[in-house]
Amino acid sequence: MKILSLVGARPQFVKEALVNQAARKLGAWEHVLVHSGQHYDAVMSDVFFEELGIPAPDYHLGIGSGTHGAMTAAALSAVERVLIDENPGALLVYGDTNTTLAGAIGAAKLHIPVIHVEAGIRQEPKTMPEEINRVLTDHVSSVLCCCSDLAVSNLAAENILSGVHMVGDVMYDLFLRMRTRFKPAEVCAAHGVEPGHFMVATLHRDFNVDDPESLRSILRGLSRLVADSGMPILLPLHPRTRKRMEEFDCAGDASALTLLPSMGYLELMSLVTFSAAVVTDSGGLQKEAYYAGRRALVIMPDTGWRELTNCGWNLLCPVDTDAVATLGLKILEPALQPGDLYGDGGAADHIVRIVAEAMALA
Ligand code: UD1
């Protein structure tokens with residue numbers, strides 16, 4: 001049997017690494033890898049393939065950036081062609097990007113079963129592009145692999161009951177697998193920071209970085225946090241954020257921050273492991289901070305990872321200079337780390353077993 005796996009953006013490469021390995025190890029199926037090309041810069045794409053040992057994609061669709069409609073349409077049309085040519089037994093899609101939605105629609109209309117990894121995540125506002133992508137993808141998927149019990153109950157609330165499995169988070173598997181390769185002391189030295197005495201921040205959400213006032217107020221809040229905490233903040237920049245900062249002339253607002261180029265998985269996780277805390281609007285990093293035993297300030301109106309905010313480990317933060325500075329100090333306080341929320345570290349193996357069983361029955 002042949003299964004097509006579709007990736008395109010940074011967080012999907014991280015998830016594919018483990019599922020790809022597990023599928024090959026178990027010889028469960030012929031795994032055909034398709035890269036949509038949504039992320040194309042070397043720092044956003046190639047570095048992940050290299051460090052995580054993902055084989056080169058069998059297809060690269062080269063869709064690049066654009067408006068949501070243009071990207072989704074380009075990916076849909078290109079993926080559909082591959083699906084028709086390859087006629088796989090199923091299509092695997094990950095998370096909530098435009099690439100995910102394009103693949104899901106393309107496959108569903110060809111009656112090819114869709115397997116959604118990281119199904120059932122829900123958050124406000126419902127107008128967020130990622131929320132639209134994940135809701136629609138879940139509703140056309142046949143096998144829905146969830147990271148948490150909350151995700152399973154979110155699906156049940158929408159009457160999605162069959163094909164739903166709680167498998168845990170493949171990003172947790174990856175963290176456990178890769179942590180022996182983290183080099184926190186060396187990476188701290190390379191960035192001139194003292195272990196335990198710095199924070200790591202990332203920003204890339206459209207609602208945070210595409211509006212000049214929002215972006216400025218977050219950067220000012222982070223700069224104040226540097227002054228109030230006496231800790232440097234390292235801010236590796238997503239290309240979208242770098243472009244916006246130049247366009248909006250934000251240099252003055254970010255003068256207290258240590259701006260860095262986008263980073264690969266190993267460097268970022270090495271830093272997070274030795275950081276005092278994390279500030280982010282990335283879904284993945286909110287959980288990765290928790291895996292590393294670090295708290296995260298989440299600059300979003302809501303999060304899909306409510307398990308971590310409901311218990312107070314992570315804190316949500318509005319787009320407001322004072323809130324970023326004040327809650328940023330709060331996140332540095334010790335808290336009781338909640339126990340295993342995202343599975344047993346074997347999510348990729350569970351996914352491969354479940355999919356192989358489902359396909360055998362189909
Ligand atoms: C996308 C996902 C988001 C995920 C994020 C991880 C959607 C709707 N969103 O957001 O869920 O958290 O990836 O990074 O799919 N750009 C480059 N080089 C690249 C990629 C992007 O310069 O390699 C710039 C372009 O200006 C582009 C912008 O970043 O227009 C945004 O890229 P896009 O893929 O649309 O969304 P992300 O913000 O990366």
Side-chain angles (χ1 to χ4, degrees), residues 1-39 44-61 79 82-83 85-95 97 99-100 103-104 106-107 112-119 141-147 163 165-182 264-266 269 284 288 291 342-362:
M1 185 195 25
K2 186 191 287 177
I3 289 189
L4 229 77
S5 184
L6 178 64
V7 296
R10 208 163 48 166
Q12 290 159 344
F13 309 141
V14 173
K15 292 160 202 162
E16 167 68 16
L18 267 280
V19 175
N20 193 311
Q21 246 177 47
R24 287 169 198 274
K25 184 182 78 194
L26 299 177
W29 56 70
E30 184 192 342
H31 195 84
V32 178
L33 182 57
V34 183
H35 186 328
S36 72
Q38 176 172 346
H39 285 174
M44 298 293 284
S45 179
D46 303 359
V47 64
F48 293 91
F49 277 77
E50 285 154 22
E51 318 191 295
L52 306 178
I54 308 171
D58 299 286
Y59 292 88
H60 196 294
L61 309 178
V79 171
V82 180
L83 288 167
D85 289 349
E86 291 281 349
N87 190 26
L91 176 76
L92 249 167
V93 293
Y94 301 91
T97 71
T99 295
T100 313
I112 294 170
V114 177
I115 303 153
H116 188 199
V117 173
E118 211 177 88
S141 293
S142 307
V143 179
L144 300 100
C145 299
C146 297
C147 298
H165 304 268
M166 158 59 191
V167 295
D169 181 15
V170 283
M171 294 177 84
Y172 181 42
D173 303 15
L174 188 71
F175 179 84
L176 297 176
R177 192 84 63 84
M178 298 296 269
R179 65 180 164 184
T180 53
R181 289 177 57 195
F182 299 164
Y265 179 82
L266 290 173
M269 290 315 299
E288 286 167 333
Y291 299 146
Y342 298 111
D344 59 7
D349 286 343
H350 300 319
I351 290 168
V352 170
R353 187 181 39 77
I354 286 163
V355 171
E357 278 169 18
M359 293 302 109
L361 293 175

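The basis for the numbers below is simple: all heavy atoms, side chains too, and nothing from hydrogens, waters or symmetry mates. Along the sequence shown, residues are numbered consecutively beginning with 1.
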| field | Derivation and outcome, side-chain contact (heavy atoms from CB on, under 4.5 Å), residues Leu4 and Ile112 | value | CA-CA 10 Å; Leu4 229 77; Ile112 294 170; over 6 Å; no
| task | Let me see the working for Tyr59 and Glu86 under side-chain contact (heavy atoms from CB on, under 4.5 Å), right down to the final yes or no. | result | CA-CA 11 Å; Tyr59 292 88; Glu86 291 281 349; 2.4 Å; yes
| request: Report the C-alpha distance between His165 and His350 in whole Å, list the side-chain angles of each, state the deciding distance to 0.1 Å, and finish with yes or no for side-chain contact (heavy atoms from CB on, under 4.5 Å). | output: CA-CA 9 Å; His165 304 268; His350 300 319; over 6 Å; no
| field | Full working for side-chain contact (heavy atoms from CB on, under 4.5 Å) between Val82 and Leu61 | value | CA-CA 9 Å; Val82 180; Leu61 309 178; 3.8 Å; yes
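Here CG of Leu92 is found 11.0 Å from OG1 of Thr100. Values are rounded to the nearest 0.5 Å. Cys146 contributes atom SG, which lies 10.0 Å from atom CD of Glu118 (distance to the nearest 0.5 angstrom). The structure places CZ of Phe175 at 5.0 Å from CE of Met269, a figure rounded to the nearest 0.5 Å. Atom CE of Met166 and atom SG of Cys145 lie 11.0 Å apart (nearest 0.5 Å). Taking CG from Leu18 and OH from Tyr172, the interatomic distance works out to 13.0 Å, rounded to the nearest 0.5 Å. Interatomic distance, Lys25 NZ to Asn20 CG, rounded to the nearest 0.5 Å: 12.0 Å.
Within the 3.5 Å criterion, the main-chain N or O of Val34 finds no donor-acceptor partner in the side chain of His60. One N or O on the side chain of Asp173 and one on the backbone of Ala348 form a donor-acceptor pair closer than 3.5 Å.
Residues Phe13 and Tyr94 place their aromatic rings such that the two centres sit no closer than 6.0 Å. Here His39 and Phe48 keep their ring centres 6.0 angstrom or further from each other.
Under the 4.5 Å side-chain criterion, counting only non-hydrogen atoms from C-beta, Leu33 is in contact with Ser5. When side chains are defined from C-beta on, Leu26 does not count as touching Arg353, because their heavy atoms never get closer than 4.5 Å. Between Ser36 and Val79 the shortest side-chain heavy-atom distance does not fall below 4.5 Å.
Scanning both residues, Leu83 and Pro88, for their nearest heavy atoms gives O-CD, 3.6 Å. Of all the heavy atoms in Met359 and Ala90, the pair that sits closest is SD-CB, 3.6 Å. Nearest heavy atoms, Ala28 versus Val352: CB-CG1, 3.6 Å. The two residues His35 and Gly8 make their nearest non-hydrogen contact at CE1-O, 3.8 Å. Taking each heavy atom of Glu51 and Tyr265 in turn, the nearest pair found is OE1-N, 2.7 Å. Among all heavy-atom pairs drawn from Val143 and Ala358, the shortest one is CG2-CB, 4.0 Å.
When only modelled atom types and interatomic distance are considered, Gln12 and Thr99 share no side-chain donor-acceptor pair under 3.5 Å.
In summary, of the residues considered (Glu16, Arg24, Lys2), a side-chain hydrogen bond (donor to acceptor under 3.5 Å, both in side chains) with His31 occurs for Glu16 alone.
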